[in-house]
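One structure is given here, and the rest of the page talks about it.
In listed order, ligands and their atoms are each counted from 1. Keep in mind that the numbers below use all heavy atoms, side chains included, and drop hydrogens, waters and symmetry copies.
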Amino acid sequence: MKVQFLDLKKQYLNIKDEVDKAIFSVIENTSFIMGKEVASFESNFAKFIGSKYCLGVANGTDALEIAVEALNIPKNSKVLVPANSFIASSESVSRNGLDVVFVDIDPITCNIDLNDFKNKYTSDVKLAVVVHLYGSPAPIEEIMSFCKEKNIKVIEDCAQSHGATQNGKVVGTFGDLATFSFYPGKNLGAFGDAGAIVTNNEELFKKCKMIANHGRIEKYNHIFEGRNSRLDTIQAAVLDVKLKHLHKWNANRKMAAKRYLKNLENVPGMSLLNELKNSESVFHLFVIVTKHSMELKKYLSEKNIETGVHYPIALPKLEAYKHLNQVSSCKVACEMDSCLLSLPIGDSISLEEVDYVSDCVKEFFKTKV
Ligand SMILES: *Cc1c(COP(=O)(O)O)cnc(C)c1O
């Protein structure tokens with residue numbers, strides 16, 4: 001059996017008529033920039049998350065950069081960012097003239113470690129970028145109460161967690177701003193690059209909107225210098241169609257994850273991650289932890305099973321961050337990165353496929369003990 005890491009073709013075929021029609025409607029109306037589909041998707045996505053405002057932007061990285069800029073944090077302030085994430089989480093901070101302080105991860109969740117978060121706090125810290133990694137909520141409630149006490153702004157990076165919840169509240173509604181990516185492989189993915197910012201704060205929403213559209217309020221009335229990071233109308237049309245299926249797709253991911261958790265419980269040589277007790281993950285990724293990750297990856301590939309690694313080099317160890325000298329302050333993340341392996345999961349993976357992958361994983365570890 002061949003198991004793809006994520007089967008986007010199957011997803012497309014399931015919604016082909018609907019999505020093709022939406023795309024051709026944009027083309028027929030030639031409403032390529034800021035067509036009505038953009039406002040429609042923004043309104044529907046805000047509803048999905050349960051936040052007042054949503055702004056579509058060009059991608060998830062821009063969403064983060066614009067969110068950081070909108071908060072107007074004094075230059076050279078410090079910003080807490082988890083050591084295990086995609087580089088965009090920290091890039092957006094440095095590129096706004098702020099100093100990244102990496103926070104170590106909790107080995108049980110691979111998300112930001114609450115104790116280390118508090119330990120890394122100094123009075124120069126003015127912002128935290130909290131990532132809900134792999135679809136699994138970070139301890140955001142506790143982080144919010146700490147940050148309120150210390151007057152730290154919070155951006156939630158929800159690029160991997162569309163619809164995940166903590167105590168029944170959807171992630172992206174806790175922080176001052178939250179950012180989403182609709183990169184094709186995310187739980188909600190466009191047919192190219194796309195992203196969004198959500199917030200309940202009208203002033204921040206307006207600021208983000210102006211930054212993303214050349215600092216203007218009317219066509220040629222620019223109040224300050226911004227940039228061009230609008231959500232493309234064709235992408236908005238695709239996303240608006242796909243959003244209607246997202247609850248169902250997330251449910252399939254959860255079902256697959258539950259099956260993996262059951263199948264791979266107590267397999268010697270590897271361990272599973274846990275979600276926080278008060279939280280529900282949307283399983284953007286299903287990650288296992290093992291010293292034999294690269295050997296297992298090769299073994300599974302010989303069985304026609306695609307896997308991934310998220311992320312093979314912890315952020316503090318990247319060439320881009322060597323100058324920060326923060327490897328030794330994030331020991332867990334910097335040691336665990338060589339032990340991570342992401343198994344296939346997605347909106348259309350079948351239990352049969354999950355069982356096949358699980359059997360192959362178990363077979364591999366039989367040779368290891
Ligand atoms: C995908 C991702 C981003 C960046 O999104 P793009 O749309 O690819 O720019 C940011 N943060 C995290 C955690 C991501 O997974």
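- Asn84 has its side chain within reach of Tyr134: a pair of non-hydrogen atoms, C-beta onward, lies under 4.5 Å apart.
- Separation of the Tyr53 and Phe45 ring centroids does not fall under the 6.0 Å cut-off.
- Within the 4.0 Å heavy-atom criterion, the part of Asp157 lying near ligand 1 is the side chain and not the backbone.
- For the pair Gly60 and ligand 1, the shortest N or O to N or O distance falls below 3.5 Å.
- Taking a 4.0 Å cut-off on heavy atoms, Gly195 fails to register as neighbouring ligand 1.
- Residue Lys186 places a heavy atom under 4.0 Å from ligand 1.
- Of the candidates Gln160, Glu65, His132, Gln160 brings a heavy atom nearest to atom 15 (O) of ligand 1.
- Of the charged side-chain nitrogens involved, at least one lies within less than 4.0 Å of a carboxylate oxygen, so that Lys322 and Glu319 count as a salt-bridged pair.
- Interface atoms of ligand 1 facing Ser85, defined by a heavy-atom separation under 4.0 Å, are 13 (C).
- Proximity of the aromatic rings of His162 and Phe180 is defined here by a centroid distance below 6.0 angstrom, and this criterion is met.
- With respect to atom 12 (C) of ligand 1, the closest heavy atom belonging to the protein is Ala159 CB, 3.4 Å.
- For ligand 1, the polar-atom distance check against Thr61 finds a nitrogen or oxygen pair separated by under 3.5 Å.
- Residues Asn111 and Asp106 fail the side-chain proximity criterion, which asks for heavy atoms closer than 4.5 Å.
- Between Tyr299 and Phe365, a ring centre-to-centre spacing not shorter than 6.0 Å is recorded.
- When only interatomic distances are considered, the shortest N/O to N/O separation between Asp193 and ligand 1 does not fall below 3.5 Å.
- Between Phe86 and Tyr311, the two ring planes are tilted [angle within 30° to 60°].
- Residue contacts with ligand 1: Tyr311 is included, with a non-hydrogen atom under 4.0 Å away.
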